[in-house]
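Note sheet for the following structure.
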Number of protein chains: 2
Amino acid sequence: MDTKERLIESTRELLWERGYVGTSPKAIQQRSGTGQGSMYHHFRGKPDLALVAITRSAEELRDRAEAVFSGPGTSIERITAYLRRERDALRGCPVGRLTQDPDVMADPELRCPVEAVFAWLRVRFTGALTEARENGEMDAALDPAATATALVAVLQGGYVLARAAADPQVYALAVDGALSLLAVHAH
Amino acid sequence: MDTKERLIESTRELLWERGYVGTSPKAIQQRSGTGQGSMYHHFRGKPDLALVAITRSAEELRDRAEAVFSGPGTSIERITAYLRRERDALRGCPVGRLTQDPDVMADPELRCPVEAVFAWLRVRFTGALTEARENGEMDAALDPAATATALVAVLQGGYVLARAAADPQVYALAVDGALSLLAVHAH
DNA sequence: GTCTATAGTAAGATAGAC
DNA sequence: GTCTATCTTACTATAGAC
């Protein structure tokens with residue numbers, strides 16, 4: 001991995017662990033094993049580097065979700081697979097955590113990839129649920145868009161509760177609860 | 001409001017808006033209209049003041065929830081009332097946002113009130129759902145603890161999605177989706 | 001491309017006057 | 001109790017040598 005790449009990956013890690021406000025150029029340089037010179041040669045500054053890192057994390061989230069949603073199984077099976085996908089619950093979501101960062105939300109450029117990937121994810125979930133309803137896998141009384149948003153919220157909120165409890169099983173419990181609610185409405 | 005009180009309230013606001021890492025003593029002093037002298041007279045430092053502020057925010061969350069859960073209506077009605085309670089979705093949860101703060105989570109003292117209030121809230125929800133199940137208001141196939149955790153997660157995740165979309169209606173949509181899933185239907 | 005030197009601003013806190 | 005002065009370290013970045 002070359003220097004530029006190490007800078008990006010180190011930034012991704014630090015943004016995940018400490019957020020944008022809590023990540024200093026110095027910390028990025030130390031983790032990546034580079035000096036100031038390298039960082040400011042490859043990037044204009046912290047916001048520029050962060051934009052590349054955030055964009056990549058958002059793409060990764062999207063790609064991993066797309067792999068599940070375009071995979072095998074019925075609509076409900078694919079949704080279940082996505083919800084149950086192995087995750088490090090205590091680390092939380094590398095993109096979702098950025099919504100709590102005031103400097104990220106205040107900067108239209110940094111905010112854009114965050115906004116876009118969650119909009120995409122909700123639409124993807126909505127599509128799968130619409131399919132499920134058409135195939136008779138889901139109660140026709142449920143609104144796909146509202147249900148999709150609730151399910152994605154369970155994931156993001158599950159991270160919050162798991163971190164609050166310092167227990168990854170709390171995340172699993174939230175997912176179990178959501179899937180059981182969905183199962184009650186299966187046909 | 002005296003000086004000490006202004007310091008606490010200003011800190012609560014800033015922790016809500018910017019988190020612990022993003023809140024400096026200087027910012028607290030400016031918002032509260034006090035000087036360094038006052039802050040360091042009333043508190044040992046930033047962590048000490050933050051502990052008082054976090055504890056108060058957690059108590060407030062608890063009191064407001066307790067008011068709804070011990071209020072009138074059936075179990076499901078009270079749960080619905082709590083989920084639909086008026087909230088400023090884009091501001092997020094003043095306590096939940098702290099779970100994303102590395103310095104809060106790393107300090108056992110600061111972490112404690114956050115952990116405690118969410119543990120309490122999940123138990124309170126679980127109790128209400130257990131009641132609901134006994135009264136036939138909820139499908140007997142649902143586990144109260146898992147369902148409770150999922151519902152609290154929808155709130156916390158709803159904030160995340162609303163902030164990502166810069167749209168409070170996304171929060172409302174998540175809540176709608178969750179309540180529809182909870183609603184008992186004629187099967 | 002990477003290194004060191006440098007610099008202005010802010011963070012977080014202490015000391016002592018009033 | 002509050003104010004101002006002071007201190008050390010960190011943040012974020014620029015300049016110029018190599």
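Labels below follow one simple rule: chain letters A, B, ... track the order of the sequence lines, proteins then strands, and each chain is numbered from 1.
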Inset, instruction - Please name all residues satisfying side-chain contact (heavy atoms from CB on, under 4.5 Å) with B/Arg124, sequence neighbours left out, ordered by chain then number. - result: B/Glu66, B/Phe69, B/Ser70, B/Trp120

Inset, instruction - Kindly assign one of parallel, tilted or perpendicular to the pair A/Tyr171 and A/Tyr159, based on the angle between their ring planes and the thresholds 30° and 60°. - result: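 It falls in the parallel class, under 30°.
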
Take the protein atom [atom1] of [X] and the nucleotide atom [atom2] of [N], then report the distance between them rounded to whole Å.
X        : N      : atom1 : atom2 : answer
B/Asp103 : C/dG12 : CG    : C1'   : 13 Å
B/Leu7   : D/dC3  : CG    : P     : 11 Å
A/Leu49  : D/dT12 : CG    : P     : 12 Å
B/Glu5   : D/dG1  : CD    : C1'   : 16 Å
B/Gln29  : D/dC3  : CD    : P     : 10 Å
A/Lys26  : D/dA10 : NZ    : C1'   : 6 Å
A/Asp48  : D/dT12 : CG    : C1'   : 14 Å

Legend entry - Duplex segments of DNA chain C, taken as runs of at least three Watson-Crick or G-U pairs that stay under 3.5 Å: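 As far as DNA chain C goes, consecutive pairing (with distances under 3.5 Å) yields the stems C:1-18 with D:1-18.
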
Legend entry - Partner of B/Arg31 under side-chain contact (heavy atoms from CB on, under 4.5 Å), chosen from B/Thr11, B/Leu7, B/Leu14: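 Among the candidates, only B/Leu14 passes.
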
Inset, instruction - Mark yes or no for whether A/Arg12, through its side chain, and A/Ala53, through its backbone, hold a donor-acceptor pair below 3.5 Å. - result: no

Side-chain contact test, heavy atoms from C-beta onward, threshold under 4.5 Å: evaluate it for [X] versus [Y] and give yes or no.
X        : Y        : result
A/Tyr20  : A/Met105 : no
B/Thr130 : B/Thr126 : yes
B/Asp176 : A/Asp143 : no

Inset, instruction - Tell me whether B/Val154 is reachable from A/Leu181 by hopping between hydrophobic residues (I, L, V, M, F, W, Y) whose side-chain heavy atoms are closer than 4.5 Å. - result: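 Not linked; separate clusters.
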
Legend entry - Sub-4.0 Å heavy-atom contacts from residues 35-46 of chain B onto DNA chain D, ordered by number: B/Gly35, B/Gln36, B/Gly37, B/Ser38, B/His41, B/His42

Legend entry - Distance in Å, B/Leu51 CG paired with B/Asp107 CG, rounded so as to fall on 0.5 Å steps: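 Rounded to the nearest 0.5 Å, the CG-CG separation comes to 8.0 Å.
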
Inset, instruction - Give a yes/no answer on whether the side chain of A/Thr3 brings an N or O atom under 4.0 Å of OP1 or OP2 in C/dT2. - result: yes

